Q: 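Please find one structure pasted underneath; my questions will follow.
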There are 2 protein chains.
Amino acid sequence: MWLGARLDALPTPALAVDRATARRNAERMQERCRALGLRLRPHVKTHKTLEGGALATGGTRRGIAVSTLAEARFFADGGFDDILLAYPLPAGRLEECAELAQRLDAFQVLLDSPGALQRLRQRPLAGGKRWLVWLKLDCGNGRAGVRPTDPGALPLARAIAEEAPEEVTLLGIYAHCGNTYGCSGVPAIQAIARATTAAVLDFVAAHPVPEMAELTEVHPGNYIFYDLQQTLLGSCQPQDVAIRVLTRVVGHYPHRNQLLVDAGWTALSLHGWAQSPAGCAAVEGHPQLRLAGLTQEHGLLEPTGGQLDFGRFPVGTVLALVPFHACATAAMHPVYYVHEEGEVVALWHPVRGW
Amino acid sequence: MWLGARLDALPTPALAVDRATARRNAERMQERCRALGLRLRPHVKTHKTLEGGALATGGTRRGIAVSTLAEARFFADGGFDDILLAYPLPAGRLEECAELAQRLDAFQVLLDSPGALQRLRQRPLAGGKRWLVWLKLDCGNGRAGVRPTDPGALPLARAIAEEAPEEVTLLGIYAHCGNTYGCSGVPAIQAIARATTAAVLDFVAAHPVPEMAELTEVHPGNYIFYDLQQTLLGSCQPQDVAIRVLTRVVGHYPHRNQLLVDAGWTALSLHGWAQSPAGCAAVEGHPQLRLAGLTQEHGLLEPTGGQLDFGRFPVGTVLALVPFHACATAAMHPVYYVHEEGEVVALWHPVRGW
């Protein structure tokens with residue numbers, strides 16, 4: 001019912017996506033990967049929408065990474081194929097993986113332990129299908145993955161590649177530089193990316209499995225939307241951030257020098273609270289304002305210094321918040337209002353759950 | 001499809017609700033209010049489900065508080081009536097309020113400014129209906145509300161009560177002790193509750209509006225589920241917490257002395273990260289474990305000291321997490337798995353959005 005509406009007519013809080021910016025972000029990443037000779041397998045976990053996946057794949061709907069089985073099924077149902085479940089093989093949910101592997105041309109999984117390989121071997125696929133497997137390396141991120149220096153790493157790679165070629169195929173080596181989120185500045189991020197790449201390639205060079213010959217794919221996700229965190233990290237410029245949480249002023253509290261707005265943590269999440277000087281969001285066009293508090297449905301804005309000019313912000317004024325973490329903020333919204341120059345042109349409905 | 005399943009067969013992460021505990025919590029609050037001579041108007045924002053609302057109202061489906069217009073419509077559609085939108089009157093969404101006021105026997109709103117009263121006056125209801133209004137006081141919480149010591153507070157109460165009795169009815173005075181969340185221990189909480197009650201009653205005593213004669217209603221919400229925070233605050237005992245986030249072990253990382261589980265911040269939220277020694281959740285039955293990290297779909301568990309006995313936690317083991325903040329955790333789940341002694345007996349679907 002909101003197609004054709006202006007953004008400032010929407011019920012608030014609302015997640016607004018600037019389609020032109022998101023498309024430009026998608027195209028730039030495609031160009032960058034082409035120039036580097038790398039395949040782009042966009043991760044869809046930030047937006048979790050078919051429309052965002054179509055943008056990110058340049059319309060092919062082929063070659064994505066997902067973070068949950070619910071996403072895998074949602075995108076498969078939406079006509080996507082060549083889907084990587086970028087998550088340790090879920091023990092107890094192997095049948096759901098097998099179902100996806102049977103119905104898709106390519107459903108890929110990650111392994112980081114001999115036990116997971118055994119579980120795949122105990123559930124062979126039918127009809128000549130093979131399990132398509134990436135070996136997950138932990139190159140310093142400290143979450144999932146086997147360390148390249150672990151004495152079991154090379155035997156595991158060899159086992160995946162050679163133990164049962166009729167049942168299991170090794171696609172390559174996978175690493176995630178999640179530790180870059182702790183960086184301040186581009187040089188530190190580049191250093192981690194360089195170290196991760198070197199660790200992967202060192203591992204590959206030490207082992208003769210041909211599937212691991214070179215760096216072939218990258219799986220970025222956040223870049224379609226970007227956010228305040230990525231801006232602070234130097235991954236994007238402020239004008240590249242495609243999303244805003246729209247909110248309205250709902251009260252004036254001069255004795256506290258604060259405005260009340262109708263965006264709480266159900267609209268923003270609490271991400272960024274401790275990390276960013278702006279709190280969980282920046283107020284677009286009003287750098288003198290900061291989020292001073294967030295409860296379930298309320299946000300408190302106050303000036304970083306001096307007295308607030310309440311006359312500039314009448315009750316009902318719509319403000320646009322630039323969220324700290326796009327993945328976390330998007331996860332709070334059942335619908336995204338997609339606009340071109342302020343006019344709603346589409347509603348995107350993300351998948352949720354597991 | 002999960003009705004009749006055992007909890008440990010569910011896909012994880014999953015939000016499990018122990019129905020007997022939730023029912024006991026609901027009944028105890030009803031008894032407590034009866035004993036105090038207070039009407040209970042349960043707030044439904046924690047669970048946001050028709051089933052939870054029915055439990056909390058003892059099956060009457062009459063007399064609830066909601067935090068969003070989406071909740072108000074969802075509960076109205078589900079047969080509830082006598083609904084208070086416990087939120088500052090939303091400028092720009094008055095038509096939605098008017099629609100609810102027309103279709104329900106009683107739809108109540110909060111005001112804390114003369115401007116809001118003016119907005120109601122500019123949109124009179126049809127068919128002999130009146131706007132039903134609570135005056136919101138801020139008794140120290142520092143969010144919405146007029147301070148009882150504000151010179152405008154009494155004139156505002158009088159204006160609501162007397163300015164246009166054919167259009168607007170003053171129901172009473174409303175205050176929220178949200179500042180108790182900052183307390184450690186029951187005496188501090190009781191002190192705030194006592195001060196808030198005194199401030200409301202002082203205000204009432206200074207003013208002859210009969211609708212404000214006494215403390216008449218209380219609007220608790222979290223108590224149906226309770227959580228780790230309420231346990232730490234002393235509002236409940238550990239055995240009163242009705243919800244768990246079920247998660248499975250998905251990896252062993254002995255070199256880091258850590259287990260990986262499939263509950264990240266999409267399953268728990270980040271609430272409690274900085275506030276609780278247990279992080280965002282406690283691991284039921286394993287007080288020696290703590291959450292050491294949370295990303296979108298991953299949680300890291302480690303011992304509070306010593307070496308982890310990985311043999312006790314094979315990959316696939318189901319663990320139950322007691323979340324820090326029930327409202328925030330429930331908001332992450334599209335479905336709740338309601339069980340009796342570990343067997344799923346119902347699926348509850350909460351409303352989301354605004």
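Naming convention: chains lettered A, B, ... in sequence-line order (proteins, then strands); numbering from 1 in each chain. The analysis underlying the following values was restricted to heavy atoms, covering all of them including side chains, and did not include hydrogens, waters or symmetry mates. Remember, predicted model here, so these are calculated numbers, not experimental data.
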Q: So which of B/Gly92, B/Ala328, B/Ala116 has the largest heavy-atom pair count under 4.5 angstrom toward chain A?
A: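 Most heavy-atom pairs under 4.5 Å with chain A: B/Ala328.
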Q: Under a 4.5 Å cutoff for heavy-atom pairs, which residue among A/Leu300, A/Val249, A/Thr12 has the most contacts with chain B?
A: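 Greatest number of close heavy-atom pairs with chain B: A/Thr12.
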Q: If you count heavy-atom pairs within less than 4.5 Å of chain A, which of B/Met332, B/Arg352, B/His252 leads?
A: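 Most heavy-atom pairs within the cutoff with chain A belong to B/Arg352.
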Q: Which bit of B/Ser67 comes within less than 4.5 Å of chain A, counting heavy atoms only: side chain, backbone, both or neither?
A: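 Backbone plus side chain of B/Ser67, per the 4.5 Å heavy-atom cut-off to chain A.
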Q: Just how far is it from atom NE2 of B/His255 to atom CG of A/Asp150, taken to the nearest 0.5 Å?
A: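 It comes to 7.5 Å.
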Q: Quick check for you: to the nearest 0.5 Å, what is the distance between B/Asp112 atom CG and A/Leu260 atom CG?
A: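 Here the interatomic distance stands at 8.0 Å.
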Q: Counting heavy-atom pairs under 4.5 Å to chain B, which of A/Pro334, A/Gly264, A/Ala331, A/Gly251 comes out on top?
A: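 The answer is A/Pro334.
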Q: Check this for me, if you would: do A/Arg256 and B/Asp138 make a salt bridge, where the nitrogen-to-carboxylate-oxygen distance has to be below 4.0 angstrom?
A: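 Judged by the 4.0 Å cut-off on N to carboxylate O distance, A/Arg256 and B/Asp138 do form a salt bridge.
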Q: When only pairs under 4.5 Å are counted, which of A/Ala14, A/Gly145, A/Gly316 shares the most heavy-atom pairs with chain B?
A: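 Answer, by heavy-atom pair count under 4.5 Å with chain B: A/Gly145.
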Q: Is it the backbone or the side chain of B/Pro88 that comes under 4.5 Å from a heavy atom of chain A, or both, or neither?
A: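 Side chain of B/Pro88 only, per the 4.5 Å heavy-atom cut-off to chain A.
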Q: Parallel under 30°, tilted from 30 to 60°, perpendicular over 60°: which one fits the rings of A/His271 and B/Trp265?
A: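 Perpendicular.
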Q: Going through the distances and angles, do A/His333 and B/Trp354 end up as a ring pair (Phe, Tyr, Trp, His ring centres under 6.0 Å)?
A: CA-CA 9 Å; A/His333 289 262; B/Trp354 298 273; 5.0 Å; yes
Q: How long is the straight-line distance from NE2 of A/His325 back to CD of B/Gln296, given to the nearest 0.5 Å?
A: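 The NE2 atom of A/His325 is 6.5 Å from CD of B/Gln296, to the nearest 0.5 Å.
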Q: Does the side-chain contact (heavy atoms from CB on, under 4.5 Å) test come out yes or no for B/Tyr87 and A/Val250, once each step is laid out?
A: CA-CA 9 Å; B/Tyr87 198 79; A/Val250 293; 4.2 Å; yes
Q: Heavy-atom pairs under 4.5 Å with chain B: which of A/Ser113, A/Gly293, A/Ala9, A/Ala267 has the most?
A: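 Looking at each of A/Ser113, A/Gly293, A/Ala9, A/Ala267 in turn, A/Ala267 comes out on top.
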Q: I need the B/Tyr253 OH to A/Arg143 CZ distance, nearest 0.5 Å.
A: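 The OH atom of B/Tyr253 sits 9.5 Å away from the CZ atom of A/Arg143.
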Q: Just so I understand: if I count every heavy-atom pair under 4.5 Å between each of A/Arg248, A/Arg147, A/Arg119, A/Glu96 and chain B, which residue has the most?
A: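 Counting heavy-atom pairs under 4.5 Å, the top option is A/Arg147.
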Q: Verify side-chain contact (heavy atoms from CB on, under 4.5 Å) between A/Lys45 and B/Glu297, making sure each step is shown before the conclusion.
A: CA-CA 10 Å; A/Lys45 77 182 179 66; B/Glu297 300 292 348; over 6 Å; no
Q: So what's closer than 4.5 Å to chain B heavy atoms on A/Thr266: side chain, backbone, both or neither?
A: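 Looking at A/Thr266, backbone and side chain both touch chain B.
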Q: Going from CZ on B/Arg93 to CG on A/Asp262, what distance comes out if it is rounded to the nearest 0.5 angstrom?
A: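 With rounding to 0.5 Å, CZ (B/Arg93) is 7.5 Å from CG (A/Asp262).
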